[in-house]
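First the structure, in the form of structure tokens, and then the observations on it.
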Amino acid sequence: MTEQVLEKKSHKRILQGKVTSNKAEKTIIVAVERQVMHPLYKKYFKSTKKFMAHDPEQFCNVGDEVRIKECRPLSARKRWILDTVVARAK
């Protein structure tokens with residue numbers, strides 16, 4: 001009889017962006033850039049939004065490309081946690 005490990009699929013959002021600041025203790029600020037279409041002129045333009053994310057080991061540096069995952073509120077403005085580091089800054 002084989003045991004199957006049931007993995008529950010998470011419905012939490014995952015975003016990818018660039019670290020713009022790591023000055024706060026155990027916190028990074030990630031700028032996520034996306035393309036938005038203008039409703040009238042139908043032209044695409046870039047829109048950037050910043051998210052505060054929890055970095056418990058203080059692993060990230062400015063310029064790193066990271067993936068962040070949605071989580072419970074950790075502070076007044078921090079609702080994301082570091083998932084993985086995609087690429088290191090050069």
Side-chain angles (χ1 to χ4, degrees):
M1 186 167 185
T2 61
E3 292 183 27
Q4 292 182 350
V5 178
L6 298 175
E7 290 186 23
K8 189 175 180 181
K9 187 176 180 191
S10 177
H11 294 288
K12 298 181 181 194
R13 295 192 309 165
I14 295 177
L15 299 176
Q16 187 169 330
K18 194 168 276 193
V19 177
T20 58
S21 173
N22 64 348
K23 292 185 179 182
E25 192 173 330
K26 296 185 179 181
T27 302
I28 55 173
I29 296 179
V30 180
V32 177
E33 194 174 83
R34 63 191 193 104
Q35 287 194 329
V36 183
M37 185 172 64
H38 192 279
L40 179 62
Y41 301 116
K42 310 299 184 206
K43 181 179 178 176
Y44 284 93
F45 59 94
K46 290 180 183 175
S47 174
T48 305
K49 189 169 181 182
K50 291 182 182 178
F51 296 94
M52 291 178 75
H54 188 59
D55 183 14
E57 285 91 33
Q58 299 179 354
F59 189 64
C60 294
N61 295 319
V62 176
D64 290 352
E65 189 78 25
V66 295
R67 197 170 283 141
I68 56 176
K69 186 163 71 171
E70 199 174 28
C71 69
R72 65 180 176 83
L74 299 170
S75 70
R77 292 178 292 155
K78 193 161 54 165
R79 275 114 172 89
W80 297 83
I81 191 164
L82 176 68
D83 191 27
T84 56
V85 176
V86 178
R88 284 289 190 186
K90 294 181 180 176

Query raised in the report: Do Asn61 and Val19 come close enough that some side-chain heavy atom pair is under 4.5 Å?
Result: no
Pairs of donor and acceptor atoms involving the side chains of residues 28-47, under 3.5 Å and at least two apart or interchain, shall be tabulated with distances.
from  : atom 1 : to    : atom 2 : distance (Å)
His38 : ND1    : Leu40 : N      : 3.1
His38 : ND1    : Tyr41 : N      : 3.1
Lys42 : NZ     : Pro39 : O      : 2.9

Report summary line: Taken in chain and number order and not counting sequence neighbours, the residues that satisfy salt bridge (charged side-chain N to carboxylate O under 4.0 Å, His left out) with Asp64 are Arg88
Report task. Report the residues that fulfil side-chain contact (heavy atoms from CB on, under 4.5 Å) with Arg67, sequence neighbours left out, ordered by chain and then residue number. Result -> Ile14, Gln16, Asp83, Thr84, Val86
Report task. List for me each residue that meets side-chain contact (heavy atoms from CB on, under 4.5 Å) alongside Lys78, sequence neighbours excluded, and say none if there are none. Result -> Thr27, Met52, His54, Leu74, Ser75
Report summary line: ring pair (Phe, Tyr, Trp, His ring centres under 6.0 Å) pairs touching residues 58-90, sequence neighbours excluded, are Phe51-Trp80
Query - Distance (rounded to the nearest 0.5 Å) between Ser10 OG and Lys69 NZ - result: 5.5 Å
Query raised in the report: How would you list all residue pairs meeting ring pair (Phe, Tyr, Trp, His ring centres under 6.0 Å) that involve residues 17-36, not counting sequence neighbours?
Result: none
Report task. Work out which heavy atom in Val85 is nearest to a heavy atom in Cys60; give both atom names and the distance. Result -> CG2-SG, 4.0 Å
**Report entry** Nearest-0.5 Å distance, CZ of residue Arg79 to CZ of residue Arg77
**Finding:** 10.0 Å
Report summary line: Taken to the nearest 0.5 Å, the spacing of Arg72 CZ from Ile81 CD1 works out to 8.5 Å
Report summary line: For Ala89 and Gly63 the tightest heavy-atom approach is CB-C, 3.6 Å
